[in-house]
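First up is the structure itself, then whatever we jot down about it.
Treat the numbers as computed from the prediction; the structure is a model and nothing was measured.
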Amino acid sequence: MSTKPTLVWDFNGTLLYDIEACVNALNVILKAHKLNPITLDYYKQHFGFPAANFYLHLGMKIETPYDWDALAESFHMRYIFSKTLSLQPGAMQCVQTFHQLGYTQGVLSALEQDLLDLQMEQFGLARPMQFICGSRNYDGATKLDTAKRLQLDGPVVMIGDTLHDAEVAAAMGWQCILCSNGHQTHARLQAANVPIIPTLFELQDAIQQLTF
């Protein structure tokens, strides 16, 4: 591979292992709404974007924008203080290695911008990134509009953990690699028809196998 692509990282579930934190926060909210709790496996088999659809699937009532805002804020206030948040295995090594090799890297996330900036600094990932682009709200809807504003030149590889990451990459004409250690199962990710890796330790080899 003679051309170094720009690497666009998803954050939640890709660089950050936060699946347990998400399930724990959701179960607190489900209990408050007198709904049954979910397991980690159930979450990975059903979670998707827009996140509001997942909440509806779980039986929550979202009749107005205020209902959704209240749910989203309640979730994030529980999520951010979780003790289970950690970097994905291999995340720091990958980011540092690609930085040393001269790759341009950045983050494209559906996470609210201030929270994204906070967590990127907290986990020591901000410095090697040329851009860190999040959302203006807690909607967890889509990041395609944000992707369109990036205006990246040359080949790009999106590194994510959900079908939405692959959808964004396809819409932008980017290549995509998905990691199955995030928010969706390997079986679900196969529908994207892109390379899938079990952990980020396999990422460098997967990128080397792409053609541009």
Side-chain angles (χ1 to χ4, degrees), residues 1 3-19 22 44 47-49 85-111 113 116-117 119-120 123-135 140 142-212:
M1 183 181 64
T3 302
K4 287 186 174 68
T6 296
L7 305 182
V8 177
W9 292 90
D10 170 58
F11 182 62
N12 301 93
T14 303
L15 286 169
L16 186 70
Y17 181 81
D18 62 351
I19 300 89
C22 289
K44 293 190 64 161
F47 174 77
F49 291 91
L85 294 173
S86 64
L87 287 179
Q88 278 280 15
M92 183 62 74
Q93 296 94 316
C94 279
V95 169
Q96 291 178 340
T97 296
F98 289 125
H99 179 66
Q100 292 166 359
L101 291 173
Y103 283 77
T104 297
Q105 302 180 84
V107 169
L108 174 66
S109 174
L111 189 62
Q113 185 69 56
L116 176 61
D117 290 337
Q119 290 190 308
M120 287 290 294
F123 289 98
L125 294 171
R127 182 167 295 183
M129 300 298 174
Q130 275 68 51
F131 55 87
I132 301 173
C133 297
S135 170
T142 179
K143 50 194 174 188
L144 181 55
D145 291 341
T146 306
K148 291 177 180 178
R149 293 195 293 269
L150 287 177
Q151 298 181 338
L152 301 176
D153 295 324
V156 177
V157 178
M158 179 84 200
I159 305 159
D161 70 309
T162 68
L163 293 173
H164 182 59
D165 294 313
E167 291 166 357
V168 170
M172 296 299 298
W174 301 344
Q175 298 207 52
C176 183
I177 296 172
L178 297 176
C179 179
S180 59
N181 198 38
H183 286 262
Q184 294 181 340
T185 64
H186 180 95
R188 292 182 68 193
L189 297 180
Q190 287 179 308
N193 196 30
V194 301
I196 303 171
I197 54 176
T199 71
L200 294 180
F201 291 115
E202 292 78 28
L203 179 60
Q204 191 170 1
D205 287 342
I207 291 176
Q208 293 292 335
Q209 294 174 22
L210 298 176
T211 56
F212 302 98

> For Q204 and L101, what are the C-alpha separation, side-chain angles and deciding distance, and is it a side chain to side chain contact (heavy atoms under 4.5 Å, CB included)?
Replying inline: CA-CA 11 Å; Q204 191 170 1; L101 291 173; 3.5 Å; yes
> Going through the distances and angles, do D18 and H183 end up as a side chain to side chain contact (heavy atoms under 4.5 Å, CB included)?
Replying inline: CA-CA 9 Å; D18 62 351; H183 286 262; 2.7 Å; yes
> So K143 and D10, side chain to side chain contact (heavy atoms under 4.5 Å, CB included) or not? Walk me through it.
Replying inline: CA-CA 10 Å; K143 50 194 174 188; D10 170 58; 2.7 Å; yes
> Given S109 and N12, is the side chain to side chain contact (heavy atoms under 4.5 Å, CB included) satisfied, shown in steps?
Replying inline: CA-CA 7 Å; S109 174; N12 301 93; 3.6 Å; yes
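Contact detail for W9 and M158: the closest heavy-atom pair is C-CE, 4.4 Å. Pairing each heavy atom of V168 with each of A147, the nearest pair is CG1-CB, 3.9 Å. Of all heavy-atom pairs between T146 and C133, the closest is CG2-CB, 3.7 Å. Considering all non-hydrogen atoms of both residues, S86 and L16 come closest at O-CD1, 3.3 Å. Here the closest heavy-atom approach between residue S180 and residue I196 is recorded as CB-CG2, 4.0 Å.
Q113 contributes a side-chain N or O that, together with a main-chain N or O of I132, makes up a donor-acceptor pair within less than 3.5 Å. At distances below 3.5 Å, not a single donor-acceptor pair connects side-chain atoms of Q175 with backbone N or O atoms of V157. Side chain of Q105 to main chain of V95: a donor-acceptor pair is present (N/O by atom type, distance under 3.5 Å, no hydrogens or angles). Judged purely by atom type and a 3.5 angstrom limit, N181 has no side-chain atom pairing as donor or acceptor with the backbone of T199.
Side-chain contact between I207 and F98: present, with at least one pair of heavy atoms (C-beta onward) separated by less than 4.5 Å. Side chains of M92 and F123 form no contact here, defined as non-hydrogen atoms less than 4.5 Å apart. When side chains are defined from C-beta on, Y103 counts as touching P5, because their heavy atoms get closer than 4.5 Å. Between V8 and M172, every side-chain heavy-atom pair lies at or beyond the 4.5 Å cut-off. Within the 4.5 Å cutoff, side-chain heavy atoms of L210 are placed close to those of I177. At a threshold of 4.5 Å between non-hydrogen side-chain atoms, the residues F49 and L163 do not count as touching.
Scored by the side-chain contact (heavy atoms from CB on, under 4.5 Å) test, A166 finds C176, L178, A192 as partners (sequence neighbours excluded).
To the nearest 0.5 Å, atom SG of residue C22 and atom OH of residue Y17 are 10.0 Å apart. The distance from atom CG of L85 to atom CD1 of I19, rounded to the nearest 0.5 Å, is 10.0 Å. In this structure, CZ on F131 lies 7.5 Å from CG on L108, to the nearest 0.5 angstrom. Here CG of L15 is found 7.0 Å from CG of L200. Values are rounded to the nearest 0.5 Å. To the nearest 0.5 Å, atom CG of residue L189 and atom CD1 of residue I197 are 11.0 Å apart. To the nearest 0.5 Å, atom CG of residue L87 and atom SG of residue C94 are 11.0 Å apart.
Pairs passing the salt bridge (charged side-chain N to carboxylate O under 4.0 Å, His left out) check and including a residue from residues 184-207, sequence neighbours excluded, do not occur.
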